[in-house]
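First the structure, in the form of structure tokens, and then the observations on it.
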There are 2 protein chains.
Amino acid sequence: MRKPPQSNVTHAIVEQLGHAVVARSFGTKDSFPIEAELCKQFGVSRTVLREAVKMLTAKGLLRARPRQGTWVQEENHWNLLDPDVLRWLMERKFSLQLLAEFTEIRLAIEPMAAMIAATKATPASIAQIRNGIHRMKMAEQGDDDPLESDIAFHVAILHATGNRFYSQLEDVVDAALRISIAFTNRYKGVALADIKAHTKVLDHIEAGQPKRAHAAMTAIIEEVMELIGQARKKSPQ
Amino acid sequence: MRKPPQSNVTHAIVEQLGHAVVARSFGTKDSFPIEAELCKQFGVSRTVLREAVKMLTAKGLLRARPRQGTWVQEENHWNLLDPDVLRWLMERKFSLQLLAEFTEIRLAIEPMAAMIAATKATPASIAQIRNGIHRMKMAEQGDDDPLESDIAFHVAILHATGNRFYSQLEDVVDAALRISIAFTNRYKGVALADIKAHTKVLDHIEAGQPKRAHAAMTAIIEEVMELIGQARKKSPQ
DNA sequence: GCCGCGTAATTAATCATACAAATACAAACG
DNA sequence: CGTTTGTATTTGTATGATTAATTACGCGGC
């Protein structure tokens, strides 16, 4: 994604440990290595390791207590909506199941976002949405990236709500779209039909038609849901 | 909420610093104290302070770089959906604005959750929902807590989706409901009408009627939205 | 005066070590 | 047999020293 690289040692450890945790590389609860063990394993000082563990604790992945040691939290404690956790999950543990759950959330958020945008969007935020569509058109002719332009469109709508919590879900949408591409090239390339469907959403938002904007966005995402459903039938995991 | 107290010094600092950050107690960007300064201020060692800062960094509230120092991130970097951040915001910086934004998110999530639950709910998860309603009835007669029982109902529906991301939004709903109570006693006590409306949702879920479940839940939350709207007219912030 | 370049100063990052606190477990005691 | 007390283990906290990254500054060249 678009994060500054952060070339700290600590950060590197956080990444590795984070990946390992979501990938379930640590067997049973008590098989998680003790501090000293991990230090040796990664070749870093206790300070660095502890700070890394603290960061993962802050994201709900780990828990530590004196004398009991450190262990991986139950999955329902993970902050799934944390951008890092999201990314780790998607990089390490892709599954159609996960993608389906992602999309199910989008189905709640994005249509409602479009609906809200239809009543609250400013000229500036509408311009952002339009820019996304413009990029999709460019991408169709090979002059822009199809994935990035698609993301730009969807994210612009989240921001157009003027609601911080919707904006915050940018990363979920981002991850969901990237994951979509990862599993099937069917999504690759920008079809004219896609552009048409996306333009419809913009039109309704601009016209101040909440319900129609909602419906148009729902159509887009249900299309994705459909694709996933088909894929799962072929190779049910 | 229902978290183990965590009586560490580090955790205490995280709480204090977290509160201070969301309350905007640190003026301009460069007025954030340097490490040593904060250590003296809180009377803790650098170890503790650094680990606390790391945890807040993990939640997107702070950022630190050598020679530039530590500073508060722009608000759009905050992980608003992190349970801690959410709680700090709500404890320190209550506003009708914030509550409205909360509720706007609920308006997307919960009706869709009810919809999904109507097709996917298991006997066990339906029992959970029913238990929530049961508690509301008890609360009406003073035999249970009205707020907690209400929360139990809404959270049960999120879980009934079988979707981890919906489950994860438990804290948002939790916070929203608590905040609701905080600003008006209007919400206090359980009205018979409320119980009726909530029961309707359960009935539709049990009957496997997605659209009706969706509508019933929407009605409940729009009622809340209405209340907020009225309050904002009286004292527009 | 202006531009590039190395150098110094500042701040967080890392390391190493020591000691404190919490708690599970077992042994001792009633 | 239950209770208490001790002890070992693991994380928590403290401190000092060192390293690395980044910016600001001054120096020299033009």
Side-chain angles (χ1 to χ4, degrees), chain A residues 3-18 20-21 25-74 77 84, chain B residues 3-18 20-21 25-74 77 84:
Chain A
K3 272 197 175 175
Q6 275 286 18
S7 58
N8 296 337
V9 177
T10 304
H11 194 262
I13 305 293
V14 168
E15 285 292 315
Q16 292 187 54
L17 260 182
V21 169
S25 301
F26 304 103
T28 69
K29 178 166 171 170
D30 15 297
S31 68
F32 196 92
I34 65 170
E35 243 177 44
E37 194 63 38
L38 282 174
C39 287
K40 260 194 293 181
Q41 208 165 314
F42 287 110
V44 295
S45 71
R46 232 185 116 203
T47 311
V48 166
L49 188 99
R50 279 187 58 80
E51 291 184 355
V53 166
K54 279 288 176 191
M55 293 189 76
L56 295 183
T57 302
K59 294 175 187 299
L61 297 186
L62 298 180
R63 184 104 198 268
R65 293 169 69 108
R67 167 71 207 186
Q68 285 187 222
T70 306
W71 67 91
V72 176
Q73 286 256 46
E74 294 169 26
H77 284 88
D84 288 324
Chain B
K3 274 197 178 176
Q6 275 286 18
S7 57
N8 297 339
V9 178
T10 304
H11 195 264
I13 304 294
V14 169
E15 285 292 315
Q16 292 186 54
L17 260 182
V21 169
S25 302
F26 304 102
T28 68
K29 176 165 171 170
D30 16 297
S31 68
F32 196 93
I34 64 171
E35 236 179 51
E37 194 63 39
L38 281 174
C39 288
K40 262 195 291 183
Q41 208 165 313
F42 287 110
V44 294
S45 70
R46 259 182 29 250
T47 311
V48 165
L49 188 99
R50 280 187 57 80
E51 290 184 355
V53 166
K54 280 287 177 193
M55 294 189 77
L56 295 184
T57 302
K59 293 173 186 301
L61 296 186
L62 298 180
R63 182 104 199 270
R65 291 169 70 104
R67 165 76 206 190
Q68 284 185 222
T70 306
W71 66 93
V72 176
Q73 287 256 44
E74 295 170 25
H77 284 87
D84 289 323

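- Phosphate proximity of D/dT10 to A/T70: absent, as no side-chain N or O sits under 4.0 Å from OP1 or OP2.
- Atom OG1 of B/T70 sits about 10.5 Å away from atom CZ of B/F26, to the nearest 0.5 Å.
- In this structure, CH2 of A/W71 is placed 11 Å from C1' of D/dT11, rounded to the nearest angstrom.
- Side-chain proximity of A/R67 to C/dA21, D/dT22, D/dT9: nearest is D/dT9.
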Per-pair distances, 0.1 Å, donor-acceptor, side chain in residues 46-62 of chain B, under 3.5 Å, sequence neighbours excluded:
residue, atom, partner, partner atom, Å
B/R50, NE, A/E51, OE2, 2.9
B/R50, NH1, B/E35, OE2, 2.7
B/R50, NH2, A/E51, OE1, 3.2
B/E51, OE1, A/R50, NH2, 3.3
B/E51, OE2, A/R50, NE, 2.9
B/T57, OG1, B/V53, O, 2.7
B/K59, NZ, A/A58, O, 2.8
B/K59, NZ, B/D82, OD1, 3.1
B/K59, NZ, B/D82, OD2, 2.8
B/K59, NZ, B/D84, OD2, 3.0

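- A/R65 has a side-chain polar atom (N or O) that falls below the 4.0 Å cut-off from OP1 or OP2 of C/dT23.
- Less than 4.0 Å separates DNA chain C from at least one heavy atom of each of the following residues of residues 38-55 of chain B: B/R46, B/R50.
- Atom CZ of A/F42 is separated from atom CD of A/Q16 by 5.0 Å, given to the nearest 0.5 angstrom.
- Proximity note for B/N8 (side chain, C-beta onward) versus C/dA13, D/dT13, D/dT11: the nearest is D/dT13.
- How far CG of B/N8 is from CD of B/E15: 11.5 Å, rounded to the nearest 0.5 Å.
- Atom CD of A/E35 is separated from atom P of C/dA16 by 15 Å (rounded to the nearest Å).
- Proximity of B/Q68 to the phosphate of C/dT10: no side-chain N or O atom is located under 4.0 Å from OP1 or OP2.
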